[in-house]
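As structure tokens, the structure follows; a few thoughts come after it.
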2 protein chains.
Amino acid sequence: MSHQDSDGTGADKEFLSTFARGLEVIRSFDTETPSMTLSAVAEKNNLSRAAARRFLLTLQKLGYVSQDDKKFGLTAKVLELGYSYLASLDFSETVTPIMEEVSYQLGESCSALVLDGVDIVYVARIPRRGLIPLNLQIGARLPAYATSGGRVLMAALQAPELEDVIEKTHFEQLTAYTKGPDALRAELQKIRSDGYAIVDQELELGMRALAVPVLDRRGTARFALNSSSHVSSVSMERIAQEYVPIMQDAAQKLTDILP
Amino acid sequence: MSHQDSDGTGADKEFLSTFARGLEVIRSFDTETPSMTLSAVAEKNNLSRAAARRFLLTLQKLGYVSQDDKKFGLTAKVLELGYSYLASLDFSETVTPIMEEVSYQLGESCSALVLDGVDIVYVARIPRRGLIPLNLQIGARLPAYATSGGRVLMAALQAPELEDVIEKTHFEQLTAYTKGPDALRAELQKIRSDGYAIVDQELELGMRALAVPVLDRRGTARFALNSSSHVSSVSMERIAQEYVPIMQDAAQKLTDILP
DNA sequence: AACAATCGTCCGATTATCGAACGGTTACAG
DNA sequence: CTGTAACCGTTCGATAATCGGACGATTGTT
């Protein structure tokens, strides 16, 4: 027996498969199948019916799923799991007010986001009044390489981690302006010296976005603040000259606050 | 028979304790302890260090936790778990636009929420421009008994379920206006005949809230729409005469859309 | 009434999980 | 640079947790 895994069986002595499978069961509920019968859950997760039933009963006893006439569905309690993460960030008291101030000064939405693999994930958001073009809620994901927030966070990575992200990224020509890996590397250099990133219609035509990194006192990037606007409402020059100082000011305030 | 547990040991043949303990480990990360050493996790969850390590390594391999110099912390990926639930509601395409319309017409925030135990949980939200008095994000909880949304959803429950909720509720005199269990029962009767609920400063002084139930075509309440405003901005009469029809109109539109 | 498609339950077989014990690392102090 | 403290990593036999095939019960349908 090898003590390393990576053999086909994948059986790792310190991998709790029951736990991992249970998490998969939670994730197997999605838009297409918001509620499933026991058998459907079993099939979707490659479990025996008996096993699927054990997972569902466990989740039910814990309050994470409810049963409605043979069909099982998630309850709002599963949001508490994600909430553990948001609570561990502890934004609501300290960070949100500063973001509201930014949103007010710019007259635009303002979001906080972190890097997770090759994606950015929204962790806080102050929306702009009016119809929201991209309806991004907390937990929403976008590809890091094509977003301003993703770029400032990538720019803050160490070389090996950055290479890892770039390698795993699936570069797609989302608009005519979307940069590829080589142009991205050059852009990251610029971002490092500038201290902010502006992305002009690379994710979606008509949208411009600005982001700055928020560092803690040790100088490590904890998350990014971003704001996006329509091309019609603001020029690139105005973003660089008016928006950037406001965002950097907010980022500095946050640095002073963060533990 | 005796196939029921409820003996002290609690060992239930169809309860996957490894899974349940793993979920607890996720939830043990909170605002006070956003990152913990292996030993801290073990202690907080009454696990041996070896066991805690297995849970953490499993979570790490799945990408839900990351390790930073002996300290473990959740990653943004745990939000995906909660996202399974939001995806299963599938609000973003259909429900949100209607809520935006309501928010625009009323000039107030508009939220969608569901009942989970004795709490309501926000599942979608269109915020009002300006400083938000209660900064409620998706996943946030409030006590059902003192909120308009909670009341319309309680009013829609069957008698035994309703009794269960009332019994489990911890009634607190949150403001001078907060109703107790008896007044609540009477109020629920009124809500059933009116088809909407207005709560006047029972949760927080200065805040009034209106909610209507959203039914599916079979007539079961799926969630509630709510809107809250400052006492200074709108009278009770205006809520009843102007706001209610707009909300009920939106609820009807949603009924036609829902599967 | 027979059928099909579910779910619930049981129980011996299997293996996943457990934890005590030991060894290693780092940090700090004398 | 020895000693101590506070961590973490690893191992392995013991044990309990989990598995799943088989059968029975239920429900809805033709």
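Note on naming: letters A, B, ... go to the chains in the order of the sequence lines (proteins, then strands), and numbering restarts at 1 for each one. Keep in mind that what you see is a predicted model, and the values were worked out from it rather than measured.
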Rounded to whole angstroms, how far apart are [atom1] on [X] and [atom2] on [N]?
X	N	atom1	atom2	answer
A:Leu57	D:dC19	CG	C1'	15 Å
B:Arg53	D:dT11	CZ	C1'	11 Å
B:Arg21	C:dG19	CZ	P	7 Å
B:Phe55	C:dG19	CZ	C1'	13 Å
B:Asp69	C:dT25	CG	P	17 Å
B:Lys71	D:dA6	NZ	P	16 Å
A:Leu47	D:dG20	CG	P	8 Å
A:Arg54	C:dC10	CZ	C1'	11 Å

Residue list, side chain to side chain donor-acceptor pair (under 3.5 Å) with [X], at least two apart or on another chain:
X	answer
A:Arg185	A:Glu163
B:Thr37	none
A:Thr58	none
A:Ser193	none

Restricting to non-hydrogen atoms, name the atom on A:Gly82 and the atom on B:Leu79 that form the minimum distance, rounded to 0.1 Å.
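Nearest pair, atom of A:Gly82 first, then B:Leu79: O-CD2, 3.6 Å.
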What residues in residues 26-38 of chain A put a non-hydrogen atom under 4.0 Å from any atom of DNA chain C?
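Listed by number, they are A:Thr37, A:Leu38.
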Which pairs with one or both residues in residues 34-52 of chain A pass salt bridge (charged side-chain N to carboxylate O under 4.0 Å, His left out), sequence neighbours excluded?
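As it turns out, the salt bridge (charged side-chain N to carboxylate O under 4.0 Å, His left out) pairs with a partner in residues 34-52 of chain A, which skip direct neighbours, are A:Asp30-A:Lys44.
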Residue B:Ala51, side-chain atoms from C-beta onward, closest of C:dG19, C:dA16, D:dC19:
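From the listed options, C:dG19 comes nearest.
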List for me each residue that meets side chain to side chain contact (heavy atoms under 4.5 Å, CB included) alongside [X], sequence neighbours excluded, and say none if there are none.
X	answer
B:Val118	B:Val165, B:Lys168, B:Thr169
B:Asp119	B:Arg141
A:Ala51	A:Leu47, A:Ser48, A:Arg54

Report the residues that fulfil salt bridge (charged side-chain N to carboxylate O under 4.0 Å, His left out) with B:Lys253, sequence neighbours left out, ordered by chain and then residue number.
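Partners of B:Lys253 under the salt bridge (charged side-chain N to carboxylate O under 4.0 Å, His left out) test: B:Asp249.
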Produce the list of close N/O pairs, under 3.5 Å, pairing protein atoms with atoms of nucleotides 22-24 of chain D; give distances to one decimal.
none

Below 4.0 Å: OP1/OP2 of D:dA16 and any side-chain N or O of B:Ser17
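No, outside the criterion.
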Quick one: sort the B:Phe91 and B:Phe223 rings into parallel, tilted or perpendicular, breaks at 30° and 60°.
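Tilted: the ring planes of B:Phe91 and B:Phe223 meet at 30° to 60°.
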Using heavy atoms to find the nearest nucleotide of DNA chain D for B:Thr18 and B:Ser39 separately, return the residue whose nucleotide is more 5′.
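Its nucleotide being nearer the 5' end, the pick is B:Ser39.
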Between protein and nucleic acid, restricted to nucleotides 26-30 of chain D and to nitrogen or oxygen atoms under 3.5 Å apart, what atom pairs and distances do you find?
none

